[in-house]
Amino acid sequence: MKRIRAVLVLLLVAAVSLSLPGATSLAQEVLTNDSVIQMVKAGLPEAVVIAKIKGTASKFDLKTDSLVSLKKAGVSDKVLEAMVSAGSGSPAAAAPTTTTPAPPGPAVAAGALKNQDVIYQLLVSGKYVEMFATSANLETNMSFFQSKSEVVLEGRKAQYRTSEKQPVFLSTYSSTDAPLVRLKQGDDHNDRNLKIGSGAFMPFGGTQKMGVRNEDKIPVTIERDARGFYKVSPSATLPPGEYGFILATGFGAGSGKIYDFGVD
C-alpha cells in the first residue's frame, strides 16, 4: 500500500512540474517575439540573446508592426537583425558560403604526371604541383555606341600562391592556347578581371576586337620536352600580383577557365 502511495505522489509531482512555465525541454523550445522581449527585460546580455536566437528553433512574427513593437520594447538593432536572419519557424539560417576553387594538389614526382588538360608548377625540389582551373565569366558592358568585355574571376587574390618570382610551369597547352596574363584587381568589387574585347558601333558600321591584348600578356620562354609537355617560364621576374594562364578560346559561350595564381 505504501509503495502504491509513493508512486502516486511521484506521478502527481511530475504532472505539476510539466504544468509549470518553462518546464518544456530545450529540444522542444520555440522562440517567439515574447520570448525575446522576456530575455531583454530580464537584462540578459545582448550577445547571450543573439546566441540563443541562433541556436534555437524560432517562430518570429516579422511583420513591420511587430518589428516596431519589438523596438519600442527595448530590443536592440543587433538582436532584431538576428531575428530577421533566423526567419520564421526554423533555427537561424547558416551564413551563405562562397564557392572557392579547389586547392592545388599535392606535389608529385615526374612519373605521376597527367598528360592532358593540365598545368603544373615545377618546384625547386624537382616535384610538380598541379594547378586547378578557376571558372570565370565574360561580362560585357554596353554604352553609347561602345562596348567592353572583361573576363571576371571571383576574389581579389588567387588561392594558389607562390613566392618564386620566375616560376617554371609544365603545361599541356601551348602559349597560343593558354597565354600567361596579368590580372587586374577590381576597383570596387571583390574580383579580378582581364579586358578581352572592345568595340565601337556607328550607324553604318563599326569595329569589334576580341582576344587578349598584347599589353596584358606576359612574355614567356617556352620549349617542348620529349614527353610532349610545354615548359613555360616568364622571360623576366614577375612583380607581386595576380596572374593566370587563360584558355582564350573557351569564352565564346560566356564563361571559361583560367589557371590563376598569385606571386607574393
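- With respect to the salt-bridge test (charged N to carboxylate O, under 4.0 angstrom), the residues D264 and R161 qualify.
- Two residues are said to be in side-chain contact when any heavy atoms from C-beta on lie closer than 4.5 Å; V263 and P239 fail this criterion.
- Rounded to the nearest 0.5 Å, atoms OG1 (T172) and CD1 (I119) are 6.5 Å apart.
- The heavy-atom pair separating E150 from K195 by the smallest distance is CG-CA, 4.0 Å.
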What verdict does the side-chain contact (heavy atoms from CB on, under 4.5 Å) test give for N33 and M83, after you've listed the backbone C-alpha separation in whole Å, the side-chain angles of each residue and the deciding distance to 0.1 Å? CA-CA 9 Å; N33 293 27; M83 293 176 67; 4.0 Å; yes
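- Take F245 and apply the ring-ring contact (aromatic ring centres under 6.0 Å, His included) test, not counting sequence neighbours, and it matches F169.
- A donor-acceptor pair shorter than 3.5 Å cannot be found between the side chains of S66 and S69.
- Using a distance-only test at 3.5 Å, with no hydrogens or angles considered, a donor-acceptor pair links the side chain of D225 to the main chain of R227.
- Taking both residues in full, the closest heavy atoms of G262 and A158 are given as N-CB, 3.9 Å, listed atom of the first, atom of the second, then distance.
- Screening L67, V49, L70 for a side chain to side chain contact (heavy atoms under 4.5 Å, CB included) involving V75 leaves a single residue, L70.
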Could you go through T162 and V129, starting from their C-alpha distance and side-chain angles, then the distance that decides it, and tell me whether this counts as side-chain contact (heavy atoms from CB on, under 4.5 Å)? CA-CA 11 Å; T162 180; V129 176; over 6 Å; no
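- Partners of R156 according to the side chain to side chain donor-acceptor pair (under 3.5 Å) rule, which considers only residues two or more places apart in sequence or in another chain, are Q185.
- Rounded to the nearest 0.5 Å, atoms CD1 (I222) and OG (S235) are 10.5 Å apart.
- V232 places none of its side-chain heavy atoms less than 4.5 Å from the side chain of S175.
- Of the possible donor and acceptor atoms, none in the side chain of D191 sits under 3.5 Å from a partner among the backbone N and O of V152.
- Minimum heavy-atom separation, I53 to A86: CG2-CB, 4.0 Å.
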When you look at L123 and Y128, which way does the side-chain contact (heavy atoms from CB on, under 4.5 Å) test go after all the steps? CA-CA 6 Å; L123 303 180; Y128 299 84; over 6 Å; no
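- Note: D216 CG to L183 CG = 8.5 Å, rounded to the nearest 0.5 Å.
- Proximity of V118 to Y259: side-chain heavy atoms (C-beta onward) are nowhere separated by under 4.5 Å.
- A salt bridge does not link D65 with K63: none of the charged nitrogens is closer than 4.0 Å to a carboxylate oxygen.
- The CG atom of L80 sits 9.5 Å away from atom CG of L62, with the distance rounded to the nearest 0.5 Å.
- In this structure a side-chain-to-backbone donor-acceptor pair under 3.5 Å is present from T221 to S233.
- Closest approach of E46 and S76 over heavy atoms only: OE2-OG, 2.6 Å.
- Contact between G244 and I258 at its shortest, heavy atoms only, is CA-CG2, 3.9 Å.
- A heavy-atom distance below 4.5 Å is found between the side chains of R192 and L153.
- Side-chain atoms of K165 and P240, non-hydrogen and from C-beta on, do get closer than 4.5 Å to each other.
- Inter-residue side-chain proximity for E242 and D260 is flagged as unmet; no heavy-atom pair is nearer than 4.5 Å.
- Taken from OG1 in T134 to NZ in K257, the straight-line distance is 10.0 Å, to the nearest 0.5 Å.
- In this structure, L122 and K231 approach most closely via the heavy-atom pair CD2-CE, 4.4 Å.
- For Q38, the CD atom sits in a loose shell: 12 or fewer heavy atoms of surrounding residues, nucleotides or ligands are nearer than 6.0 Å.
- In this structure, the side chains of R182 and L194 stay at 4.5 Å or more apart for every pair of heavy atoms.
- Considering only heavy atoms from C-beta on, S58 stays 4.5 Å or farther from V36 through its side chain.
- No salt bridge links K114 with D117; every basic N to acidic carboxylate O contact stays at or beyond 4.0 Å.
- A parallel orientation is assigned to the rings of Y243 and F261, their planes being inclined by less than 30° (bins at 30° and 60°).
- Atoms CG and CZ, on D34 and F60 in that order, are 11.0 Å from each other to the nearest 0.5 Å.
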